[in-house]
Amino acid sequence: MPISQDLVHEMTLLAQFDLHSMQQGIKVHTDAGDSMIAAARRLHDKGLIDRDDGGYLTSLGHDAAEHIQNLLQILKT
């Protein structure tokens, strides 16, 4: 199963969240590039983040980010 660039961008955003604090979100600024802005909107549409420009992880988003970050840790070792 090939991984699309859209999914890579979404996973990249999810990997940036600090999972140790539910009180820290991210902000995708207008100069982040069209692909990252679109990724944030898709994550919001999927119910993984609470704002279309970043914000905080939802419960589902936290689970997804945890899986992504664990996978990245495995692949880097």
Side-chain angles (χ1 to χ4, degrees):
M1 174 180 166
I3 299 173
S4 70
Q5 278 304 114
D6 285 351
L7 286 177
V8 170
H9 294 299
E10 291 172 20
M11 291 186 284
T12 299
L13 278 180
L14 288 172
Q16 293 179 23
F17 281 91
D18 180 357
L19 298 178
H20 302 293
S21 173
M22 291 297 287
Q23 305 209 339
Q24 282 188 307
I26 64 168
K27 170 74 173 161
V28 179
H29 296 275
T30 56
D31 62 352
D34 293 340
S35 59
M36 295 309 273
I37 292 169
R41 288 186 181 135
R42 287 191 304 275
L43 289 174
H44 178 259
D45 291 343
K46 294 174 182 179
L48 299 176
I49 56 178
D50 69 347
R51 298 181 51 93
D52 66 359
D53 64 350
Y56 299 96
L57 290 168
T58 63
S59 179
L60 179 61
H62 187 275
D63 290 345
E66 186 174 29
H67 287 295
I68 290 294
Q69 292 181 24
N70 285 338
L71 176 62
L72 289 172
Q73 187 67 28
I74 291 166
L75 294 176
K76 288 181 180 181
T77 57

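On a predicted model such as this, the values are computed, not experimentally measured, just so you know. If you read the sequence from its start, that first residue is 1, and numbering goes on from there.
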Write down the atom of [X], the atom of [Y], and the distance for their closest heavy-atom approach.
X	Y	answer
Ala40	Gly54	CB-N, 4.3 Å
Ile68	Ala15	CG2-CB, 4.2 Å
Leu19	Ala65	CD2-CB, 3.7 Å
Asp18	Gln24	OD2-OE1, 2.7 Å
Gly61	Leu14	O-CD2, 4.3 Å

Using 0.5 Å steps for rounding, measure from the [atom1] atom of [X] to the [atom2] atom of [Y].
X	Y	atom1	atom2	result
Gln16	Gln69	CD	CD	9.5 Å
Glu10	Met36	CD	CE	9.5 Å
Leu60	Ile49	CG	CD1	11.5 Å
His67	His62	NE2	NE2	10.5 Å
Leu43	His9	CG	NE2	12.0 Å

So which pairs with a foot in residues 26-39 pass salt bridge (charged side-chain N to carboxylate O under 4.0 Å, His left out), sequence neighbours left out? Lys27-Asp53
Sequence neighbours excluded, every pair satisfying salt bridge (charged side-chain N to carboxylate O under 4.0 Å, His left out) that has a member inside residues 62-77: none
Could you see if Val8 belongs to whatever hydrophobic cluster contains Phe17? Use Ile, Leu, Val, Met, Phe, Trp, Tyr and a side-chain cutoff under 4.5 Å. yes
Under a 4.5 Å side-chain heavy-atom rule over Ile, Leu, Val, Met, Phe, Trp and Tyr, are Leu71 and Leu13 clustered together? no
Can you list the residues that meet the side chain to side chain contact (heavy atoms under 4.5 Å, CB included) rule with Asp50, with sequence neighbours excluded? Tyr56
With a 4.5 Å cut-off on side-chain heavy atoms, are Met11 and Ile3 touching? yes
Donor-acceptor contact present, side-chain Arg42 to main-chain Asp6, <3.5 Å: yes
